[in-house]
Amino acid sequence: MLHIALKLAQEQQNYDGVTYIYDLLANLADEQGEYEKAEKLFVSVMQRLLSMGVSKTDNKMIHISLKLANIYKIQKDTRYMP
């Protein structure tokens, strides 16, 4: 469903809608343990928010930064396990 919504938002050139759906997809990927996918999507969301004029210190940016930090921690822990 989210991919259908994403396609519609892209067709309508709804920048905010695309950003929101990317955020939903990132959170879903994070919850499902698809950390590389989640990382890419969260970075895209941050880039899109910055391009819209959202401050680096905005709560949205801090929240995503914390999620990325957790993903990096998990990836580090799983990459170096024997």
Side-chain angles (χ1 to χ4, degrees):
M1 284 304 261
L2 287 174
H3 287 94
I4 294 169
L6 178 60
K7 184 177 179 188
L8 288 172
Q10 289 171 332
E11 287 173 358
Q12 295 173 1
Q13 297 179 347
N14 185 337
Y15 197 82
D16 290 339
V18 171
T19 304
Y20 178 69
I21 295 166
Y22 279 176
D23 187 49
L24 291 174
L25 288 168
N27 283 301
L28 183 61
D30 188 22
E31 288 175 15
Q32 293 178 341
E34 298 176 6
Y35 299 116
E36 289 182 26
K37 186 178 192 179
E39 175 189 357
K40 289 177 185 176
L41 286 163
F42 279 132
V43 169
S44 292
V45 170
M46 289 180 85
Q47 290 171 337
R48 294 174 74 84
L49 290 172
L50 287 170
S51 74
M52 293 167 37
V54 174
S55 167
K56 292 179 183 178
T57 59
D58 186 278
N59 283 342
K60 294 175 199 169
M61 297 296 282
I62 293 169
H63 192 74
I64 294 171
S65 295
L66 290 171
K67 289 180 182 185
L68 281 170
N70 188 55
I71 288 170
Y72 296 144
K73 180 192 177 303
I74 291 168
Q75 286 178 331
K76 180 181 178 237
D77 289 348
T78 58
R79 285 182 186 163
Y80 299 108
M81 290 183 82

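Residue Ala38 comes nearest to Ala26 through the heavy atom pair CB-O, 3.6 Å, listed as atom of the first residue, atom of the second, then distance. Here the closest non-hydrogen pair linking Glu39 and Ile71 is N-CD1, 4.1 Å.
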Q: Please assess Leu6 against Tyr22 for the test side-chain contact (heavy atoms from CB on, under 4.5 Å), listing each intermediate value before the final yes or no.
A: CA-CA 8 Å; Leu6 178 60; Tyr22 279 176; 3.7 Å; yes

Q. Step by step, would you call Asp16 with Met52 a side-chain contact (heavy atoms from CB on, under 4.5 Å)?
A. CA-CA 9 Å; Asp16 290 339; Met52 293 167 37; 3.0 Å; yes

Q: Under the side-chain contact (heavy atoms from CB on, under 4.5 Å) rule, what do Asp30 and Lys37 come out as? Steps first, then yes or no, please.
A: CA-CA 8 Å; Asp30 188 22; Lys37 186 178 192 179; over 6 Å; no

**Q.** Asn70/Leu66 under side-chain contact (heavy atoms from CB on, under 4.5 Å): CA gap, chis, key distance, verdict
**A.** CA-CA 6 Å; Asn70 188 55; Leu66 290 171; over 6 Å; no

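Hydrophobic clustering of Ile, Leu, Val, Met, Phe, Trp and Tyr side chains at less than 4.5 Å, counting indirect connections, unites Ile74 with Leu41. Leu68 and Ile62 are not part of a single hydrophobic cluster, where members link through side-chain heavy atoms under 4.5 Å apart. Linking Ile, Leu, Val, Met, Phe, Trp and Tyr residues whenever their side-chain heavy atoms come within less than 4.5 Å leaves Leu25 and Leu8 in two separate clusters.
Contact check for Leu28 versus Glu34: no side-chain heavy atoms found under the 4.5 Å cut-off. Side-chain contact between Asp58 and Leu49: absent, with no pair of heavy atoms (C-beta onward) separated by less than 4.5 Å.
In this view, Lys40 satisfies the side-chain contact (heavy atoms from CB on, under 4.5 Å) rule with no residue, not counting sequence neighbours.
Note that NZ of Lys7 is 13.0 Å distant from CD1 of Ile21, once rounded to the nearest 0.5 Å. Rounding to the nearest 0.5 Å gives a distance of 6.5 Å between CD1 of Ile64 and CZ of Phe42.
For the side chain to side chain donor-acceptor pair (under 3.5 Å) condition, the pairs that include at least one residue of residues 45-57, sequence neighbours left out, are Tyr15-Ser51, Thr19-Arg48, Ser55-Thr57.
The environment of Gln13 atom CD is sparse: at most 12 non-hydrogen atoms of other residues, nucleotides or ligands sit within 6.0 angstrom.
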